[in-house]
Every structure is written in structure tokens, then in C-alpha cells.
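What follows is a single structure, written as C-alpha cells, with notes after it.
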Amino acid sequence: MSSADVRAAVTDFLQSPALPGLSQWFKSPPWFVDGDTWNLADQLGSGSVGMVHLTEKSESRITMPAMQPLQPGAPIGQKAVRYKVGLVVLYQYLLPSSTLTPVPSDDYVGQLDETLDAIEDRLRSDPNLGNADVVFQAGQDQNDITIHRDLPRRTTAKVLAWTVVEFALTEIINA
């Protein structure tokens, strides 16, 4: 397997079915996200995009290797390849333009919480992320799923909140 296989397995698992408030998953942090991608107009003024970021990769031997030189057909050992995966969630909330219907100033956080809860639920739903050929297990370590939230920032028209959902993923390879 490769990092590309792991990245594809994570992205495919998260994309379908769609998660509430999240309009698109990217397989890696893109260099540009068009403003229309958030789909704020159709989602009542709030929305997110997500991206898969592989932050670390390491491997450890889990079985004894075959003796050298390898004989044709001789079994080889196995290694556990561990990835730290960061799901970066970029969230935007349009500030209400009308003062006729007052909105609490912390109202923005409801959709973000719903989206993050849905990501956690999806990760909990299948430790193989729908692809046992690539993913031995994901989100099954101590501190299974960790969420890092930045403080929200307000611009003239929006509240922005960037969040990272982090978990470990293990694949088993012959090596």
C-alpha cells in the first residue's frame, strides 16, 4: 500500500454519504478553495469544506522477518504502518444582514458542532473505513479521536472557524 491508497480510503469513506454542513472533501489541503465551494446560500448561511492531511507516518515490525536471502515462496514478515491523520475542517458562517430578527452572537457554532459530531460518528461507524484491504484500523488507539479547535475569527461579514479532527490509522504490510 502507499500513502496515496490511505489518503484515498479516508477521503472515499468520508465523502459518501454526505455529512451535514460539509459541502466537499479534498484529498489533501488544496492551494485554493473557491468561495462557492462552501455552498453557503443553500445551507442557510453556514458551511464547511474538509481536507485530509497525513501529518505523520511511521512503521514498526510486528512479526519476525524471513531469513535472508529470501527463498522463492518463503513467507516474509509484517510491519504496522501508522499514520496520523488530520481532517482539517474550514467553517464559515455568514453574519445575518437583517436586524429585524435578532440572532444570538454565538448562534454560528450550532452547525459547526453538528458537522464535527457527524465526522466523529462516521469514524466510529467502521474501524476499517470501508476498506479493510488498506485500513487495518482507524481511530482505535488511546485518545482515539482528538479535536483541535481554533478560536473563531470574525470578518466584516463572516465568522470563520478552523478545526482539525485527528486520529491514528494503521495499515499492515508485508515487508
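Because only heavy atoms are used, hydrogens play no part in the values below, and waters and symmetry mates are left out as well, while side chains stay in.
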* To do: Tell me, with the steps shown, if V159 and Q92 meet side chain to side chain contact (heavy atoms under 4.5 Å, CB included).
  => CA-CA 6 Å; V159 174; Q92 293 189 32; over 6 Å; no

* **Approximate separation, where rounding is to 0.5 Å, of S46 OG and L94 CG** => 8.0 Å

* Does atom CZ of F136 have more than 12 heavy-atom neighbours from other groups under 6.0 Å away? -> no

* **Non-hydrogen atoms of A9 and V135 that approach each other most closely** => CB-CG2, 4.1 Å

* Could you tell me whether the side chain of V88 reaches within less than 4.5 Å of the side chain of W162, counting heavy atoms only? => no

* Asked: Has the side chain of E120 got a donor or acceptor atom that lies under 3.5 Å from a matching backbone atom of A118?
  -> no

* **Residue pair N128 / D126: nearest heavy atoms and the distance that separates them** => N-OD1, 2.8 Å

* Asked: So how far is it from Q78 CD to R61 CZ, rounded to the nearest 0.5 Å?
  -> 9.5 Å

* Asked: side chain to side chain contact (heavy atoms under 4.5 Å, CB included) between K27 and V52: does it pass, once the steps are laid out?
  -> CA-CA 5 Å; K27 63 183 176 186; V52 176; 5.6 Å; no

* Is the side chain of T37 donor-acceptor paired with the backbone N or O of D34 at a distance under 3.5 Å, no angle test? -> yes

* To do: Might you point out which heavy atoms bring V10 and L169 nearest each other, and give the distance in Å?
  => CG2-CD1, 3.7 Å

* Does some side-chain heavy atom of L87 sit less than 4.5 Å from a side-chain heavy atom of M51? -> no

* Asked: With a 4.5 Å heavy-atom cut-off, do L160 and P152 have their side chains touching?
  -> no

* **L22 versus G50, closest heavy-atom pair with distance** => CD2-N, 3.7 Å

* Asked: Does a salt bridge link R149 with D113, judged by any charged N lying under 4.0 Å from a carboxylate O?
  -> yes

* Assess whether atom NZ of K79 is packed by more than 12 heavy atoms of other residues, nucleotides or ligands within 6.0 Å. => yes

* **Any V165 side-chain heavy atom under 4.5 Å of H148 side chain** => no

* Which atoms form the tightest heavy-atom contact between A161 and L112, and what is the distance? -> CB-CD2, 3.8 Å

* **Any donor-acceptor N or O pair under 3.5 Å, side chains Q111, T115** => yes

* Just how far is it from atom CD1 of I173 to atom CG of D5, taken to the nearest 0.5 Å? -> 11.5 Å

* To do: Can you measure from CG (L54) to OH (Y83) and round to the nearest 0.5 angstrom?
  => 7.0 Å

* To do: Mind listing the closest non-hydrogen atom pair of S125 and F13 along with its distance?
  => OG-CZ, 3.5 Å

* How many angstroms lie between CG in L19 and CG in D117, if you round to the nearest 0.5 Å? -> 11.0 Å

* Starting from the C-alpha separation in whole Å, work towards a yes-or-no answer on side chain to side chain contact (heavy atoms under 4.5 Å, CB included) for E166 and V85. => CA-CA 6 Å; E166 190 176 65; V85 180; over 6 Å; no

* **side chain to side chain contact (heavy atoms under 4.5 Å, CB included) evaluation trace for R82 with S60** => CA-CA 8 Å; R82 296 181 40 82; S60 302; 5.6 Å; no

* To the nearest 0.5 Å, tell me how far F26 CZ sits from L90 CG. => 9.0 Å

